[in-house]
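All remarks here apply to the structure that follows.
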There are 2 protein chains.
Amino acid sequence: MTKETTSAQRSRNTTLRDVAKAAGVDVSTVSRVLKNDKDVRTSAETRQRIIEAAERLKYRANPLARALKTAQSRTLLIVVPQIENPVFASAILGAEAEARARGYVLLVAYDQNGSAASVLERVSQSSLIEGVIIASFDEDDSLRQSIAAMNRPYVVINRVLPGDVPCVAVDTCAASAIGVRHLIDLGHRRIGHVAGRLGRFNGNARRQGWEEAMSAAGLDPDPQLVAEAGYDPERVPAAVDRLLERKVTAIHAATLLTGAATIAHLHKLGLDVPGDISVVTMHDDLLARVVYPEITTVGLPTSEMGHEAVRMLVDQLGMPSDAASQRPPVLLLAPGNLVVRGSASSLKI
Amino acid sequence: MTKETTSAQRSRNTTLRDVAKAAGVDVSTVSRVLKNDKDVRTSAETRQRIIEAAERLKYRANPLARALKTAQSRTLLIVVPQIENPVFASAILGAEAEARARGYVLLVAYDQNGSAASVLERVSQSSLIEGVIIASFDEDDSLRQSIAAMNRPYVVINRVLPGDVPCVAVDTCAASAIGVRHLIDLGHRRIGHVAGRLGRFNGNARRQGWEEAMSAAGLDPDPQLVAEAGYDPERVPAAVDRLLERKVTAIHAATLLTGAATIAHLHKLGLDVPGDISVVTMHDDLLARVVYPEITTVGLPTSEMGHEAVRMLVDQLGMPSDAASQRPPVLLLAPGNLVVRGSASSLKI
DNA sequence: TGCCTCTGCGAAAACGTTTGGGCAACTTTC
DNA sequence: GAAAGTTGCCCAAACGTTTTCGCAGAGGCA
């Protein structure tokens, strides 16, 4: 079997020099023609010859050499705290598509137990990465320092940070409000909120959305109706129990995962969903449709978030540094639509 | 338009030359010392000076330049058909950790609607990627041709392919059997199988595991007890209905997702799980614990799969081509343990 | 004819590494 | 005390691009 593995015997790729030789011109000319240089100044005839030769020899520019020369690797990095979280998976997907469309390559790095700092540190000194998208949970100073030290353009996603930090996030406050309003429209008055991590951007925003929707409907956003569970399904039962003590008829969960756990716990207690308690969630995903009842939830444009992030990043890359401050650096994406399924119904009196 | 690339104002990284100047030696000496060259021949004193200078200047070798020179980019690529599938997410996680530990960078690419071919095509001519891990669903010829044309070492994961193809997969046949045997041990005799994609590696293997466990227990592996649902939750209800007609008392689902959908559908029909029907699944994941009842399943070493894949790939990279054929190129990972939760119980007569 | 401006292209210097080949000085050997 | 071997380092040529500079020749203008 022809099993050529090591780089040593791998056939050499065709280079600029090969094309130049084939077309009978200098490498510089080939480079210019193939790059479609603006001030290109070549005869149509020569250009034709070069293009044909390149075609025939299947020439592809070596990205390494190009990057070395231009200090532009056309490579972006996205740092995520976890990949199994559907929100991040979806964001990565969107970012990858956008990056690919723009001729960039997207690298994925994981920030398990705060290792983002080390990743960024490695990035900072190598010229491999042109820009970074950061989706890390960490909001402490170490990460922020790493970001600053990195000395590369970046955009933060999934949260908005104070200061002049470019961010793109979903307006989860609004998303929350939509879900809660749906419950109100169904006649519910005592609506509990299983909160995410309070103190963090999304946790706070979602809680606030609940609060605003309640207030807007003239209902009391009683803090007693909020029970924090973070992103941890293990903490959901206790939270739900507390809410049940408060005689809620509906529960609004801050994440799809905790929402599913909420329904599971209600079932465990022998309660019917939505017969006894209605449940509404946030973020739409396969998970919402493999439980019974299927979950009513409001979609989040997480994939768009990825798209927008690389769009912003690439814009930033193409701009001289002084112009960078001119555009509004934070983008808050409108939430998606309410997807009505089976986990919420009108209040039976 | 002013084409002022941002790189202009970004501070230049410290280079080999800077270190050389600081230490008062030649760049070549610095290079050798820092690489810990085997036949290094430098005085301890000089070496000390160089190391200190490098430390002080925070020198990090430019991976681009190194790759250009050595044709070794220390970059691996993993091609996955979907990232939201927990199996792949977990495999990526494992692969990334192993790659990082070995000083490699792992790139992730998506093979949405068969775009892997184009990804591989781009790879083939650039010297950026040293080796590829392929987890694509596609088993048609176009992908296989792209792989061959790529002319780079690779390993296929999540399935074993015929021929001399290096593969690492989980022994899902054995995993299946474990789950089915658990049901048998609980007293079940009529056990249905909600199959994955029959005709594909994993679909077949899991079905075969069910069959073998049934036969081993002296039960009839009646083909009527098998209903295919692929990986698509939408197809689960019909499959479950068919199984119910066959009077099964337990269902073994080929994937966690379809298993969850199975439970959901049973609930929808007003059946109790595991009171009326027991359900056992494969692959352990958060999802198994946010539904009620929590799902009894057998763990799959998907993360190990990623680990092993890069281990094999890196071994391959370091070997002369003739030695490559010596080691057994396919690795079948033993399944994990049965995780008993609440979705299966002993048969009530 | 002399001068100037375009055109079309080549020469060569980078980018930051790695690496083979050398060359002194110093040590051993006879 | 000279030949031979060792040690410690430097020189320079790559790797495959991009890009600045410059140089011939062609044409325009006086």
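Owing to the predicted nature of the structure, the values given are computational and were not obtained by experimental measurement. Lettering of chains follows the sequences in order, A, B, ..., and the numbering in each one begins at 1.
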Calculate the interatomic distance between A:R49 atom CZ and C:dG8 atom C1'; express it in whole Å.
12 Å

For the helix from C:dT1-D:dA30 to C:dC30-D:dG1, what is the angle between the axes at its two ends, each from 5 pairs, rounded to 10°?
60°

Per-nucleotide protein contact string for nucleotides 17-24 of chain C, where B marks a base within reach and S marks sugar-phosphate only (heavy atoms under 4.0 Å, - for neither)
BBBBBB--

From CD1 (A:I92) to CG (A:L106), nearest 0.5 Å
7.5 Å

The criterion is side-chain contact (heavy atoms from CB on, under 4.5 Å); which residues satisfy it with A:T15, sequence neighbours excluded?
A:R12, A:R17, A:D18

For B:E98, which residues count as a side-chain contact (heavy atoms from CB on, under 4.5 Å) partner, sequence neighbours excluded?
B:R102, B:H307, B:V310, B:R311

To the nearest 0.5 Å, atom NZ of B:K21 lies from atom CG of B:D26 at 11.5 Å

D:dT17 P sits how many Å from A:L64 CG, rounded?
10 Å

Heavy-atom closest pair, residues B:Y104 and B:T75
CD2-N, 3.9 Å

For B:R100, is there an ion pair with B:E96 - N to carboxylate O distance below 4.0 angstrom?
yes

How would you list, by chain and number, every residue that makes a side-chain contact (heavy atoms from CB on, under 4.5 Å) with B:S31, sequence neighbours excluded?
B:L16, B:K35

Tell me every residue that passes side-chain contact (heavy atoms from CB on, under 4.5 Å) with B:A309, counting only those two or more places apart in sequence or in another chain.
B:I133, B:V155, B:I157, B:V168

When rounded to whole Å, the CZ to C1' distance for the pair A:R74 and D:dT17 reads 15 Å

Spacing between A:E45 atom CD and C:dT7 atom C1', to the nearest angstrom
14 Å

In whole angstrom, what separates A:Q72's CD from D:dT19's C1'?
13 Å

Taken to the nearest whole Å, CZ/B:R47 to P/D:dC9 is 10 Å

